[in-house]
Protein chains: 2
Amino acid sequence: MSPKRTQQRAAVVRALEQAGGFRTAQQLHAEIQAGGSSAALATIYRNLSSMAAAGELDVLHPPGGEAIYRLCQLQEHHHHLVCRSCGATVEIDSPDIEEWARKTARRHRFRAVSHTAELYGLCSRCA
Amino acid sequence: MSPKRTQQRAAVVRALEQAGGFRTAQQLHAEIQAGGSSAALATIYRNLSSMAAAGELDVLHPPGGEAIYRLCQLQEHHHHLVCRSCGATVEIDSPDIEEWARKTARRHRFRAVSHTAELYGLCSRCA
DNA sequence: TTAAGTGCAAATCGTTTGCAGTTCG
DNA sequence: CGAACTGCAAACGATTTGCACTTAA
């Protein structure tokens, strides 16, 4: 039973696609209205929940207290090495961790697995 | 300037030590009362915040919405495999990713590197 | 037609904060 | 004594939910 194709759900998907990365429910709400469409915040939450349950998007719960969502990007993803001091960022593309994620997921019988990984340290200039 | 040595703060520390692992603020509250001491929930939150800011404890923000705290244990850190649908969480302890983090950091001449890594998928019951 | 989806407002729930009273140093 | 800490209750902000109304199928 696939979900009903409503204007609101379409708007949420469109907003997420346009965003390309992580967004909070409230940001999506604002961006949807800015785009001329409309969808109640509650509706956005409901759609995000069902999409997440369906494995269509990733949810993160940062310390800030506001959850962030983004469309699943099974491929084309990479990681970051960030300097705690100056904020310099190096993009990491490592097959190792992809494989680790896949293996680990299989070991626990999880499917449709995505992952996040970030490294934080002091770069050579700041150390 | 180190913090004041109050009964309440002591009770929080004691509860965390006794716990050994992660606890929510409310669990600590209950355990403190069960232990015969007393400390208002607000006070517990205040103490946990200051301890976290001082780097004395780790804080995690799981999907459930309730933060969990534990005394810092520089070793024994692990990652999580979380079900997008039901929130079930498996703790992962993998030397591979630790090594990957260390290697990657060295390759880019970063020091004092820490990292985060989380996996998201659908568990066998929800798939 | 009718089950699923929506909007709105009220309700939750974890966490924070204002303020007056208490306590450590 | 005086700054730091506590308790309580009210305030908050994100998310959820009850309910009557729409709408996709």
Side-chain angles (χ1 to χ4, degrees), chain A residues 1-16 19 22-54 56-70, chain B residues 1-16 19 21-54 56-70 82-87 89 120 126:
Chain A
M1 39 82 136
S2 74
K4 239 160 127 177
R5 262 183 87 274
T6 70
Q7 289 188 328
Q8 292 82 346
R9 190 181 184 91
V12 171
V13 174
R14 208 180 317 128
L16 280 167
F22 285 103
R23 287 290 183 292
T24 67
Q26 322 238 9
Q27 288 175 327
L28 291 171
H29 183 235
E31 288 163 19
I32 284 171
Q33 307 217 302
S37 309
S38 100
L41 198 46
T43 297
I44 293 175
Y45 276 112
R46 280 188 278 236
N47 278 313
L48 289 174
S49 297
S50 79
M51 291 175 69
E56 294 167 28
L57 46 84
D58 293 325
V59 192
L60 255 64
H61 294 262
E66 213 170 343
I68 53 180
Y69 309 80
R70 77 161 173 201
Chain B
M1 39 157 66
S2 73
K4 236 162 139 178
R5 223 184 121 282
T6 71
Q7 289 189 354
Q8 292 81 348
R9 190 182 185 90
V12 172
V13 174
R14 207 180 318 127
L16 280 166
F22 284 104
R23 289 286 132 76
T24 67
Q26 322 239 9
Q27 289 175 327
L28 292 171
H29 183 234
E31 288 163 20
I32 285 171
Q33 306 218 302
S37 311
S38 101
L41 197 47
T43 298
I44 293 177
Y45 275 113
R46 279 188 278 236
N47 278 313
L48 289 175
S49 297
S50 80
M51 292 175 69
E56 293 168 27
L57 45 83
D58 294 325
V59 192
L60 254 63
H61 294 262
E66 213 170 343
I68 53 180
Y69 309 79
R70 76 160 174 201
V82 185
C83 176
R84 265 192 286 261
S85 176
C86 69
T89 299
Y120 302 90
C126 293

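Every heavy atom of this structure was used, including side-chain atoms; hydrogens, water molecules and symmetry mates were not.
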- Query: Which heavy atom of A/S38 sits nearest a heavy atom of A/Q33, and at what distance?
  - Reply: CB-NE2, 4.4 Å

- Task: Could you go through the side chain to side chain contact (heavy atoms under 4.5 Å, CB included) check for B/T6 and B/T43 one step at a time?
- Result: CA-CA 11 Å; B/T6 71; B/T43 298; over 6 Å; no

- Message: Nearest whole Å is fine: how far is C/dG5 C1' from A/L41 CG?
- Response: 16 Å

- Item | Between P of C/dG5 and CE of A/M51, the distance in whole Å | 13 Å

- Message: Applying a 4.0 Å non-hydrogen cut-off, can you work out what B/S38 is touching in the nucleic acid: base, sugar-phosphate, or nothing?
- Response: sugar-phosphate

- Rounded distance [0.5 Å steps], CD in A/Q27 versus CD in A/E66: 7.0 Å

- Task: Select base, sugar-phosphate, or nothing to describe what B/R46 touches, counting heavy atoms under 4.0 Å on all strands.
- Result: base

- Query: Start at the 5' end of DNA chain D and walk down; is the nucleotide closest to B/A39 or to A/Q7 reached first?
  - Reply: B/A39

- Which distance, rounded to the nearest 0.5 Å, do you find between the CG of B/L28 and the OH of B/Y45? 9.5 Å

- Message: If I take atom CD in residue B/E66 and atom C1' in nucleotide C/dT12, what distance separates them, rounded to the nearest angstrom?
- Response: 13 Å

- Item | For atom CD of B/Q8 and atom C1' of C/dC24, their distance in whole Å | 11 Å

- Item | Trace of the side chain to side chain contact (heavy atoms under 4.5 Å, CB included) decision for B/L48 with B/L16 | CA-CA 10 Å; B/L48 289 175; B/L16 280 166; 4.1 Å; yes

- Rounded off to whole Å, could you give me the OH-to-C1' distance for the B/Y45 and C/dT16 pair? 10 Å

- Walk along DNA chain D from 5' to 3' and tell me the first and last nucleotide with an atom closer than 4.0 Å to a non-hydrogen atom of chain A. D/dA14 to D/dA25

- Query: For A/Q7, does the CD atom sit with more than 12 other heavy atoms under 6.0 Å from it, leaving out its own atoms?
  - Reply: no

- Message: Measure NE2/B/H29 against P/C/dT15 and give the value in whole Å, please.
- Response: 13 Å

- Message: Would you say A/T6 places a side-chain N or O within less than 4.0 Å of OP1 or OP2 belonging to C/dT6?
- Response: yes

- Integer-rounded Å distance: C/dG7 P and A/I44 CD1: 9 Å

- Item | Flag side-chain contact, heavy atom, 4.5 Å: A/E56 against A/V13 | no

- Using a heavy-atom cut-off of under 4.0 Å over every strand shown, decide if B/R5 touches base, sugar-phosphate, or nothing. sugar-phosphate

- Query: Through what angle, rounded to 10 degrees, does the axis of the helix from C/dT12-D/dA14 to C/dG25-D/dC1 turn between its ends, using five pairs per end?
  - Reply: 30°

- Message: Heavy atoms from C-beta onward define the side chain here; which of C/dG25, C/dT16, C/dT6 lies closest to that of B/K4?
- Response: C/dG25

- Could you pull out the closest heavy-atom pair between B/G21 and B/R70, with the gap in Å? O-CB, 3.2 Å

- What are the two closest heavy atoms between B/R14 and B/S37, and how far apart are they? NH1-OG, 3.4 Å

